[in-house]
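One structure below.
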Amino acid sequence: LSLCWLAGDAPLAASRSVYVLPAVGSINPGLAEFIVEGIRTAEKEKASALIIQLDTPGGLDTSMRAINQAIINAKVPVIVYVAPKGARAASAGMFITLAANVAAMAPGTNIGAAHPVSVGLGKMDKVMGEKVVNDMVAYARSLAKERGRNADWAEKAVRQSVSIDAKEAQKKNVVDLVADNLEDLLQQINGRKVKVGTEEITLKTAEAPVTTIEESLRYRILKHIDDPNIAYILMLVGLAGLYFELANPGSILPGVVGTLSLLLAFYAFQTLPVNFIGLLLILLAFVLFILEIYVTSFGLLSVGGVAALLLGSLMLFRGGETGMDIAWSVLIPSVVIVSLFFLVVAGLVVRSQMRRSVSGDSALIG
């Protein structure tokens, strides 16, 4: 009789742990891999549920779809909780929230602004833009309908970039509930029935132990590389390394470091809203700095390089709805340091060009 009772009550999973996975930052390949692996871990450990604590400005469409595919096909209930207070589920984050078995938000958070933006070096034309928008609308509506949520609002979030706060999201049936903190969330979802695959499961989370899935060093490195500030610094380091290698052929180390940094920067650029003109201006700046070594311009090339570097840095990322741009605390010091260095180099070059010869026939004149 006891065995029968245990077998019948197994779907309740009363004694199994609730796993919590913190997902913070842009939706990129590194974060996607971390979330997918976290879902697999929760399945392997037969967790009562997996809570993805989400705070994101958005990110890459392919990474978002990989996450959603894992959520929809998960063998454990997946709860997306937009938290802590002040967090957001913007752009791709909205789609991930819609895909969850249970969608929750903390007070003071917001969701929406999911209109697709061009990511990378390319720019969509009008026809391609309409195709992308229509595809995203269909995807948002299908997710909302699958989970019994407001499909009309999901379409508005894509077409019109609307965004709402937690209370309004609950009122409009965009999310299921608003919870002050993790403990409150566990209490509120306790006893809720969710559909996992073809099976209906009753959540038992009130007394369940909580296990946090920590990011490994590999995931942390990949996630931080995709930060716009880190990507910008990596690009400057890479270009500076190539400059030193060209100025001093055979140095080897600057060339290796520069090439590696540039490759990492371009890896990040694939997930960020890069402005092609801004990138070209920064490349032009370093071309002008290099030409200063070989062309007698009395510092004019360096001045032009400083201007191009400043304008390119300001234009490099299209912040827009995703909010992924360079912080002023990073941009200004970087531009100042690089500019001062090359201005000093230009000054030394000008002094050497104007200095009177001290050897050879020309030194005998006067």
Side-chain angles (χ1 to χ4, degrees), residues 18-27 31 35 38-39 42 48-59 64 67-68 70-72 74 76-115 136 139-141 143-158 160-195 203 205-206 208 210 212-213 321-323:
V18 172
Y19 279 66
V20 177
L21 186 152
V24 182
S26 63
I27 305 301
L31 185 59
I35 293 175
I39 292 174
S48 175
L50 172 67
I51 299 175
I52 300 176
Q53 186 166 310
L54 185 66
D55 179 12
T56 178
M64 174 268 290
I67 293 170
N68 282 354
I71 291 174
I72 293 171
V76 297
V78 178
I79 297 96
V80 171
Y81 180 38
V82 184
K85 295 178 181 180
R88 58 180 166 168
S91 192
M94 185 206 73
F95 291 90
I96 295 173
T97 306
L98 291 177
N101 295 106
V102 179
M105 297 176 69
T109 58
N110 65 280
I111 184 171
H115 188 83
M136 298 298 281
Y139 187 52
R141 292 188 67 90
L143 290 173
K145 289 180 179 179
E146 174 68 19
R147 300 304 191 189
R149 302 194 178 104
N150 192 333
D152 292 335
W153 181 88
E155 179 174 349
K156 287 183 179 180
V158 176
Q160 303 174 21
S161 292
V162 296
S163 183
I164 54 178
D165 60 25
K167 289 185 178 180
E168 190 176 358
Q170 184 182 24
K171 182 179 179 181
K172 291 181 179 294
N173 190 32
V174 177
V175 299
D176 303 309
L177 55 94
V178 175
D180 290 329
N181 48 49
L182 185 60
E183 292 74 17
D184 184 27
L185 175 65
L186 294 175
Q187 292 293 331
Q188 289 196 49
I189 64 176
N190 185 53
R192 179 183 289 267
K193 293 183 178 180
V194 296
K195 187 178 180 182
L203 296 173
T205 57
V210 176
T212 301
I213 300 177
E321 293 143 356
T322 59

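These values consider heavy atoms only, across backbone and side chains, with no hydrogens, waters or symmetry-generated copies.
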Work out which heavy atom in [X] is nearest to a heavy atom in [Y]; give both atom names and the distance.
| X | Y | result |
| --- | --- | --- |
| Pro107 | Ala166 | CA-CB, 4.4 Å |
| Gly38 | Leu21 | CA-CD1, 3.6 Å |
| Ala169 | Ile164 | CA-CD1, 3.5 Å |
| Ala151 | Lys145 | CB-CG, 4.0 Å |
| Ile96 | Val80 | O-CG2, 3.7 Å |
| Tyr81 | Met105 | CE1-C, 3.7 Å |

Distance (rounded to the nearest 0.5 Å) between [X] [atom1] and [Y] [atom2]:
| X | Y | atom1 | atom2 | result |
| --- | --- | --- | --- | --- |
| Ile67 | Leu31 | CD1 | CG | 5.5 Å |
| Ser48 | Ile189 | OG | CD1 | 7.5 Å |
| Arg192 | Asp176 | CZ | CG | 5.0 Å |
| Met136 | Met64 | CE | CE | 4.0 Å |
| Ile27 | Leu54 | CD1 | CG | 5.5 Å |
| Gln187 | Leu177 | CD | CG | 12.5 Å |

Could you tell me whether the side chain of [X] and the main chain of [Y] form a donor-acceptor pair under 3.5 Å?
| X | Y | value |
| --- | --- | --- |
| Arg149 | Asn173 | no |
| Gln188 | Val178 | yes |
| Ser163 | Ile111 | yes |

Report yes if some heavy atom in the side chain of Val175 is under 4.5 Å from a heavy atom in the side chain of Val82; otherwise report no.
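No - every pair of side-chain heavy atoms lies 4.5 Å or more apart.
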Test item: Leu203 and Asn101 side chains (from C-beta on) under 4.5 Å apart, heavy atoms:
no
Single hit among Thr56, Asp55, Thr109 for side chain to side chain contact (heavy atoms under 4.5 Å, CB included) with Arg88
Asp55
In sequence, state the C-alpha distance, the side-chain angles, and the governing distance for Ile213 and Leu50, and then conclude on side-chain contact (heavy atoms from CB on, under 4.5 Å).
CA-CA 10 Å; Ile213 300 177; Leu50 172 67; 4.0 Å; yes
Kindly determine whether Val194 and Arg147 satisfy side-chain contact (heavy atoms from CB on, under 4.5 Å), including the steps that lead there.
CA-CA 10 Å; Val194 296; Arg147 300 304 191 189; over 6 Å; no
I'd like to know whether Leu186 forms a side-chain contact (heavy atoms from CB on, under 4.5 Å) with Ile51, so could you lay out the CA-CA distance, the side-chain angles of the two residues, the decisive distance to 0.1 Å, and finally the verdict.
CA-CA 10 Å; Leu186 294 175; Ile51 299 175; 3.7 Å; yes
Criterion side-chain contact (heavy atoms from CB on, under 4.5 Å) on Thr97 and Val174, from CA distance to verdict:
CA-CA 9 Å; Thr97 306; Val174 177; over 6 Å; no
Partner residues of Lys167 under the side-chain contact (heavy atoms from CB on, under 4.5 Å) criterion, sequence neighbours left out
Asp165
Applying salt bridge (Lys or Arg N to Asp or Glu O under 4.0 Å) to Asp152 and not counting sequence neighbours gives Arg141
Could you tell me which residues satisfy ring pair (Phe, Tyr, Trp, His ring centres under 6.0 Å) with Phe95, sequence neighbours excluded, listed by chain and number?
Tyr139
